[in-house]
Amino acid sequence: MKYDTIIIGGGLSGLMAGVKLARSGSKVAIISSGQSALHFHSGSFGLLGHADGKELLHPLEAIGTLPAGHPYSKIGAESIPALADDAKQIFADAGLTFIGDSSKNHFRLTPLGLCEPSWLTMDDYATCENPSETGWRKATIINFKGFLDFLPGFLADGLKKHNLPCDYAEITLPAIERLRRNSSEMRAAAIAKVLKGPVLEMLASEINRAAGNSDVVFMPAVVGIDSEQPVRELRSMVIPKLLCVPVLPMSVCGMRSQIRLRRYFEQLGGTYFLGDNVTRGYMEGPALKEITSAA
């Protein structure tokens, strides 16, 4: 098989490069051995959040002051705004909704209740413009009984430092109870696979019951493994504002990103070899002209 470009590695960098090449009309193949760093994705991407130990609100201004050896300086600081906008558009075209832009960082809530400066964050994740003025009055933190990859105590302690009172509620559903019979199955990806359809209505009812008079509910990010639609459905049925918080890997939002970007790449005509490893390359002078791969 012949391709204009072969990309070795099917994670975020490989997929973004593949999409851009495929959009330009190139015949592209991506060879991926399997798991990528996207599976550990926190729900946010940073452009430049810290410099000299300080948080940054305006990354583009700071990028212009970076030393010559910094990767952004090598790319050209003047190129970064357009490249950042293009990346956000690729996410949108793939069916991924991110909030934020390159002109100003926002803050994403971490699993420990800290606020981390970020460039782009998935729309269903908890964010604010100013950690000192979140606009949230009272929160309820929801967790599933037996789910150990979410740390509600740490989250509550962090939120209290921002003067946000928190209640805690543990819920369960018949579909989740079946997973609890095997501790290895009580993981974010397995939970996400059962939280769909009528189960979402049951979950929304449990969340509304537990939320009391809270105006915001935080829950582990375990909804929507291959699209945003289940998250939208759930949020439409929950009375308070519903926001997700990252959990320990494997990351549902990362798997969603991987799936959507791969599908978009393939829709553009790209070929994605999953489970293959490159075993040999053939050089002509300085150029790699041919490779061999095997499953």
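Here the structure is a predicted model, which means the values were calculated and not measured.
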Under 4.5 Å between side-chain heavy atoms, hopping through other hydrophobics if needed: is there a path connecting [X] to [Y]?
| X | Y | answer |
| --- | --- | --- |
| Leu83 | Met16 | yes |
| Val247 | Val252 | no |
| Ile191 | Met237 | yes |
| Leu274 | Leu268 | yes |
| Leu120 | Leu56 | yes |

[atom1]/[X] to [atom2]/[Y] distance, rounded to the nearest 0.5 angstrom?
| X | Y | atom1 | atom2 | result |
| --- | --- | --- | --- | --- |
| Leu243 | Met122 | CG | CE | 14.5 Å |
| Gln35 | Phe40 | CD | CZ | 4.0 Å |
| Tyr272 | Arg262 | OH | CZ | 6.0 Å |
| Ser26 | Asp4 | OG | CG | 5.0 Å |
| Ile259 | Ile225 | CD1 | CD1 | 5.5 Å |
| Ile7 | Ile30 | CD1 | CD1 | 4.5 Å |

Listed by chain and number, what are the ring-ring contact (aromatic ring centres under 6.0 Å, His included) partners of Phe98, not counting sequence neighbours?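 Residues passing ring-ring contact (aromatic ring centres under 6.0 Å, His included) with Phe98: Phe45, Phe91.
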
Review point. Considering residues at least two apart in sequence or located in another chain, which fulfil the ring-ring contact (aromatic ring centres under 6.0 Å, His included) criterion with His50?
Key: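 Checked His50 against ring-ring contact (aromatic ring centres under 6.0 Å, His included); zero matches.
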
Do [X] and [Y] have side chains that approach each other closer than 4.5 Å (heavy atoms only, starting at C-beta)?
| X | Y | value |
| --- | --- | --- |
| Leu261 | Leu12 | yes |
| Leu15 | Ser13 | no |
| Ile207 | Met219 | yes |
| Ser257 | Leu96 | yes |
| Leu60 | Ile63 | yes |
| Arg256 | Val223 | no |
| Ser32 | Phe273 | no |
| His162 | Ser132 | no |

Taking only residues two or more places apart in sequence or in another chain, which ones pass side-chain contact (heavy atoms from CB on, under 4.5 Å) with Asn277?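 For Asn277, the residues satisfying side-chain contact (heavy atoms from CB on, under 4.5 Å) (neighbours in sequence not counted) are Ser33.
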
According to side-chain contact (heavy atoms from CB on, under 4.5 Å), who are the partners of Ser227, at least two apart in sequence or on a separate chain?
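Ser227: side-chain contact (heavy atoms from CB on, under 4.5 Å) contacts with Gln229, Pro230, Arg260.
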
Set out, in order, the CA-CA distance, both residues' side-chain angles and the distance that settles side chain to side chain contact (heavy atoms under 4.5 Å, CB included) for Phe218 and Tyr168, then state yes or no. CA-CA 10 Å; Phe218 299 109; Tyr168 173 66; over 6 Å; no

Side-chain atoms of residues 287-295: list all donor-acceptor pairs with protein atoms under 3.5 Å, sequence neighbours left out, distances to 0.1 Å.
| from | atom 1 | to | atom 2 | distance (Å) |
| --- | --- | --- | --- | --- |
| Ser293 | OG | Asp276 | OD2 | 3.3 |

Please list, one pair per line, the donor and acceptor atoms closer than 3.5 Å that link side chains of residues 169-179 to other protein atoms, with sequence neighbours excluded.
| from | atom 1 | to | atom 2 | distance (Å) |
| --- | --- | --- | --- | --- |
| Thr172 | OG1 | Glu177 | OE2 | 2.7 |
| Glu177 | OE1 | Arg180 | NH1 | 3.2 |
| Glu177 | OE2 | Arg180 | NH1 | 3.0 |

Practice problem: Applying side chain to side chain contact (heavy atoms under 4.5 Å, CB included), run through Met255 and Leu38 and close with a yes or a no. | Solution: CA-CA 7 Å; Met255 297 177 77; Leu38 266 176; over 6 Å; no

Q. Which other residues belong to the hydrophobic cluster containing Tyr282, where Ile, Leu, Val, Met, Phe, Trp and Tyr are joined when side-chain heavy atoms lie under 4.5 Å apart, directly or via other members?
A.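 Tyr282 shares its hydrophobic cluster with no other residue.
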
Heavy-atom pair with the smallest gap, counting every atom of [X] and [Y]:
| X | Y | answer |
| --- | --- | --- |
| Pro59 | Ser102 | CG-O, 3.2 Å |
| Ala84 | Trp119 | O-CZ2, 3.4 Å |
| Pro286 | Met283 | O-CE, 3.6 Å |
| Val245 | Leu109 | CG2-CD2, 4.2 Å |

### Query
Pairs in or reaching into residues 234-254: which pass side chain to side chain donor-acceptor pair (under 3.5 Å), with residues at least two apart or in two chains?
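Every side chain to side chain donor-acceptor pair (under 3.5 Å) pair that includes a residue of residues 234-254, provided the two are not neighbours, is Asp123-Arg235.
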
With side chain to side chain donor-acceptor pair (under 3.5 Å) as the rule and sequence neighbours excluded, what pairs involving residues 188-213 come up?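 Non-adjacent pairs meeting side chain to side chain donor-acceptor pair (under 3.5 Å): Lys138-Asn213, Glu206-Arg209.
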
Review point. Would Glu228 and Thr97 count as having a side-chain donor-acceptor pair, cut-off 3.5 Å?
Key: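 Distance-only check passes for Glu228 and Thr97.
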
- Query: Would you say the side-chain atoms of Arg108 and Ser42 include a donor-acceptor pair closer than 3.5 Å?
  - Reply: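 Their side chains do contain a donor-acceptor pair, which is all the 3.5 Å distance test asks for.
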
Open item on the list: Quick check on Met1: does its CE atom have over 12 non-hydrogen neighbours (other residues, nucleotides or ligands) under 6.0 Å away?
Closed with: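 Atom CE in Met1 is not packed in, count stays at 12 or less.
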
- prompt: Going by the salt bridge (charged side-chain N to carboxylate O under 4.0 Å, His left out) test, which pairs reach into residues 77-86, not counting sequence neighbours?
  reply: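 Salt bridge (charged side-chain N to carboxylate O under 4.0 Å, His left out) check on residues 77-86 returns Lys20-Asp86, Arg23-Asp86.
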
(request) Start with the C-alpha gap between Tyr264 and Val19, add the side-chain angles, then the distance that decides, and say whether side chain to side chain contact (heavy atoms under 4.5 Å, CB included) holds. (result) CA-CA 8 Å; Tyr264 182 45; Val19 165; 3.5 Å; yes

*Of Thr127, Asp101, Thr121, which is the lone residue that meets side chain to side chain donor-acceptor pair (under 3.5 Å) with His106?*
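Answer after filtering Thr127, Asp101, Thr121: Thr121.
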
Under 3.5 Å, which donor-acceptor pairs link side chains of residues 139-160 to any protein atom two or more places apart or in another chain?
| from | atom 1 | to | atom 2 | distance (Å) |
| --- | --- | --- | --- | --- |
| Thr140 | OG1 | Ala211 | O | 3.3 |
| Thr140 | OG1 | Ser214 | OG | 2.6 |
| Asn143 | ND2 | Phe147 | O | 3.2 |

*Backbone N or O of Arg137 within a donor-acceptor pair of the Asp215 side chain at under 3.5 Å?*
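Yes, the answer is positive, given that a donor and an acceptor are paired below the 3.5 Å cut-off.
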
Answer yes or no: is there a donor N or O on one side and an acceptor on the other, between the side chain of Thr134 and the main chain of Pro131, under 3.5 Å?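 It does not hold such a pair.
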
Anything under 3.5 Å between a donor and an acceptor, one on a side chain of residues 64-77, the other on a protein residue two or more places apart or in another chain? List them.
| from | atom 1 | to | atom 2 | distance (Å) |
| --- | --- | --- | --- | --- |
| Thr65 | OG1 | Ala62 | O | 2.8 |
| His70 | ND1 | Tyr72 | N | 3.0 |
| Tyr72 | OH | Leu47 | O | 2.6 |
| Ser73 | OG | Leu66 | O | 3.4 |
| Ser73 | OG | Pro67 | O | 2.8 |

